[in-house]
*Asks:* 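Pasting in a structure now, in structure tokens, and then I'll have a few things to ask.
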Amino acid sequence: MNQQFRQDAIIELVRQHGYMSIEQLTDHFAVTPQTIRRDLNTLANDGRVRRVHGGVGIESSTVNTAYSTRKTLHLEEKERIARCLAAHIPNDASLFINIGTSNEVIAQALLDHQGLEIITNNLNVAAILQHKEDFTVIIAGGQVRSRDGGIIGEATIDFINQFKVDYGIIGISGIDEDGSLLEFDYQEVRVAQAIIANSRRVYLAADYSKFHRNPVVRQGNIAQLDALFTDRKPPEAIQRLLTQHDVALHLA
């Protein structure tokens, strides 16, 4: 059994049992513990499973990975996605940028642009963009989340609803096979929904690991997007939905 098939089989076993130890997986696949550990590290780095002591469990649907960890996960992929998305934003455009580590990398990629007006509920995005003298950076009001600098709440929604912009750039924590865009925080979701409603075009940036995560809160549907920017071809079910709803797919 090659590595890809074995890793897919590991995920299926974890889904069936909720937890598998390294010893169980070693016996099941008749390989060395070192081989299983390498597989588990790869799957955990891709966000497909959660490493726990002595084995592996399914990724949580209720608690997101810590912000400090998410900043470094799939950084190379995020940078490629960011460059690709930034190439589809013209100079002198208006845009929303919401919460998420991918969006912070996108903000960095936009620094070569001219004359952008950016409304954001992400303090980290604002900090990245604030020194660009020909940019107008507007920060939404509301409650600041200490863990990641995201701004959420009713005041944030009211603020977002005052604008209508050219592009809404959003991130996501998970994409279900039925096209549901999924998040962990209900308040964050409501702000993202306001951004979608007030953007002429909606661009989603999501690395491949997001196709294997199932957070609990529904933010929207892939049909609401104008374009998806990712680093690998999505699962076939997602590709069919993109085609069905005329959503452009850009692979970085």
Side-chain angles (χ1 to χ4, degrees), residues 77-110 112-122 125 129 135-136 138 140 156-157 159-183 188-211 213 215 217-252:
E77 292 86 347
K78 289 175 182 176
E79 289 172 343
R80 295 203 312 268
I81 292 167
R83 290 192 295 268
C84 183
L85 191 152
H88 288 78
I89 301 293
N91 292 327
D92 303 308
S94 59
L95 50 149
F96 289 123
I97 303 179
N98 81 338
I99 300 170
T101 56
S102 292
N103 286 344
E104 293 167 20
V105 181
I106 290 167
Q108 192 73 40
L110 288 170
D112 290 332
H113 282 57
Q114 286 81 46
L116 297 182
E117 181 163 332
I118 302 106
I119 301 110
T120 184
N121 63 320
N122 185 330
V125 165
L129 299 174
F135 283 9
T136 300
I138 303 170
T156 316
I157 296 166
F159 186 85
I160 294 296
N161 283 331
Q162 295 180 64
F163 298 88
K164 186 75 174 183
V165 304
D166 298 323
Y167 299 91
I169 300 174
I170 62 171
I172 203 69
S173 291
I175 304 174
D176 194 81
E177 285 197 353
D178 68 359
S180 296
L181 306 178
L182 304 171
E183 269 297 350
E188 178 179 346
V189 159
R190 295 197 61 220
V191 176
Q193 288 168 344
I195 287 173
I196 291 170
N198 290 289
S199 302
R200 295 182 181 91
R201 297 183 64 81
V202 180
Y203 288 171
L204 172 64
D207 66 76
Y208 190 79
S209 70
K210 306 302 172 62
F211 298 110
R213 305 181 77 203
V217 185
R218 189 192 303 272
Q219 175 173 296
N221 192 275
I222 212 164
Q224 296 171 278
L225 306 177
D226 292 283
L228 168 64
F229 295 81
T230 187
D231 56 298
R232 297 188 222 168
K233 282 188 176 181
E236 288 187 7
I238 299 297
Q239 291 186 54
R240 287 194 296 270
L241 289 170
L242 294 172
T243 300
Q244 178 184 343
H245 296 290
D246 197 26
V247 179
L249 173 64
H250 298 282
L251 299 179

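Since the model is a prediction, treat every value here as computed from it, not as a measurement. All residue numbers in this chain count up from 1 along the given sequence.
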*Asks:* Would you give the length of the straight line joining atom CD1 of Ile138 to atom CZ of Phe159, rounded to the nearest 0.5 angstrom?
*Replies:*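 If we round to the nearest 0.5 Å, Ile138:CD1 and Phe159:CZ are 6.0 Å apart.
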*Asks:* Do Ser180 side-chain atoms and Leu182 backbone N/O form a donor-acceptor pair below 3.5 Å?
*Replies:*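 Looks like no, no N/O pair under 3.5 Å.
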*Asks:* Of Ile222, Ile196, Ile175, Val247, which is the lone residue that meets side chain to side chain contact (heavy atoms under 4.5 Å, CB included) with Leu204?
*Replies:*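 The passing option is Ile175.
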*Asks:* Just how far is it from atom NE2 of His245 to atom CG of Leu228, taken to the nearest 0.5 Å?
*Replies:*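 Result: 13.5 Å between the selected atoms.
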*Asks:* With a sphere of 6.0 Å drawn around CZ of Arg218, does it hold more than 12 non-hydrogen atoms of other residues, nucleotides or ligands?
*Replies:*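 Not buried by this count: 12 neighbours or fewer within 6.0 Å.
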*Asks:* If you measure from CD1 on Ile195 to CD1 on Ile119, what distance do you get to the nearest 0.5 Å?
*Replies:*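 One finds 9.0 Å between CD1 of Ile195 and CD1 of Ile119.
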*Asks:* Between CG of Asn221 and CG of Leu181, what distance do you get to the nearest 0.5 Å?
*Replies:*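 That separation rounds to 6.0 Å.
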*Asks:* Should we count CG of Asp246 as having more than 12 external heavy atoms under 6.0 Å?
*Replies:*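 No, not enclosed.
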*Asks:* Taking atom OH of Tyr203 and atom CD1 of Ile169, what is their separation to the nearest 0.5 Å?
*Replies:*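 Output value for this atom pair is 8.5 Å.
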*Asks:* Looking at CG of Leu249 and OG1 of Thr243, how far apart are the two atoms once the value is rounded to the nearest 0.5 Å?
*Replies:*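 One gets 8.5 Å once the value is rounded to the nearest 0.5 Å.
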*Asks:* Can you name the nearest heavy-atom pair linking Gln219 to Ile172, along with the distance?
*Replies:*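 Distance-wise, the nearest heavy atoms are NE2-CD1, 3.5 Å.
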*Asks:* Testing the basics here: between Ala194 and Ile157, what is the closest heavy-atom pair and its distance to 0.1 Å?
*Replies:*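 Nearest pair, atom of Ala194 first, then Ile157: CB-CG2, 4.2 Å.
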*Asks:* Could you report the tightest heavy-atom contact between Pro235 and Phe211, atom names first, then the distance?
*Replies:*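 Shortest heavy-atom contact: CD-CG, 3.7 Å.
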*Asks:* Evaluate whether atom CD of Gln239 has more than 12 neighbouring non-hydrogen atoms of other residues, nucleotides or ligands under 6.0 angstrom away.
*Replies:*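 Atom CD in Gln239 is crowded, with more than 12 foreign heavy atoms closer than 6.0 Å.
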*Asks:* Donor-acceptor pairs are to be reported for all side-chain atoms of residues 81-99 against protein atoms at under 3.5 Å, with residues two or more places apart or in another chain.
*Replies:*
residue: His88; atom: ND1; partner: Cys84; partner atom: O; Å: 2.9
residue: Asn91; atom: OD1; partner: Gln114; partner atom: N; Å: 2.9
residue: Asn91; atom: ND2; partner: Gln114; partner atom: OE1; Å: 3.2
residue: Ser94; atom: OG; partner: Asp166; partner atom: N; Å: 3.0
residue: Ser94; atom: OG; partner: Asp166; partner atom: OD2; Å: 3.2
residue: Asn98; atom: OD1; partner: Asn103; partner atom: ND2; Å: 2.6
residue: Asn98; atom: OD1; partner: Gly171; partner atom: N; Å: 3.1

*Asks:* Which pair of heavy atoms, one from His250 and one from Ala227, lies closest together, and at what distance?
*Replies:*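 Taking every non-hydrogen atom into account, CD2-CB, 3.9 Å.
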*Asks:* Can any side-chain N or O of Arg201 pair as donor or acceptor with the backbone N or O of Asp226 at less than 3.5 Å?
*Replies:*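 No; judged by distance alone, with no hydrogens or angles, the pair does not exist.
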*Asks:* Is the closest side-chain heavy-atom distance between Asp231 and Tyr208 below 4.5 Å?
*Replies:*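 The answer is yes, as the side chains (C-beta and beyond) meet within the 4.5 Å cut-off.
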*Asks:* If you look at every heavy atom in Leu251 and Arg232, which pair is closest and at what distance?
*Replies:*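 Smallest heavy-atom distance, with atoms named: CD2-O, 3.3 Å.
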*Asks:* Would you say the side chain of Gln224 lies within less than 4.5 Å of the side chain of Val202, judging by non-hydrogen atoms?
*Replies:*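 Of all side-chain heavy-atom pairs linking Gln224 with Val202, none is under 4.5 Å.
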*Asks:* Ignoring hydrogens and geometry, is there a side-chain-to-backbone donor-acceptor pair from Lys78 to Ala206 under 3.5 Å?
*Replies:*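 Between the backbone of Ala206 and the side chain of Lys78 there is no qualifying donor-acceptor contact (under 3.5 Å).
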*Asks:* If you compare all heavy atoms of Pro215 against all heavy atoms of Ser173, which two are closest, and at what distance to 0.1 Å?
*Replies:*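 The pair with the smallest heavy-atom distance is CG-CB, 3.7 Å.
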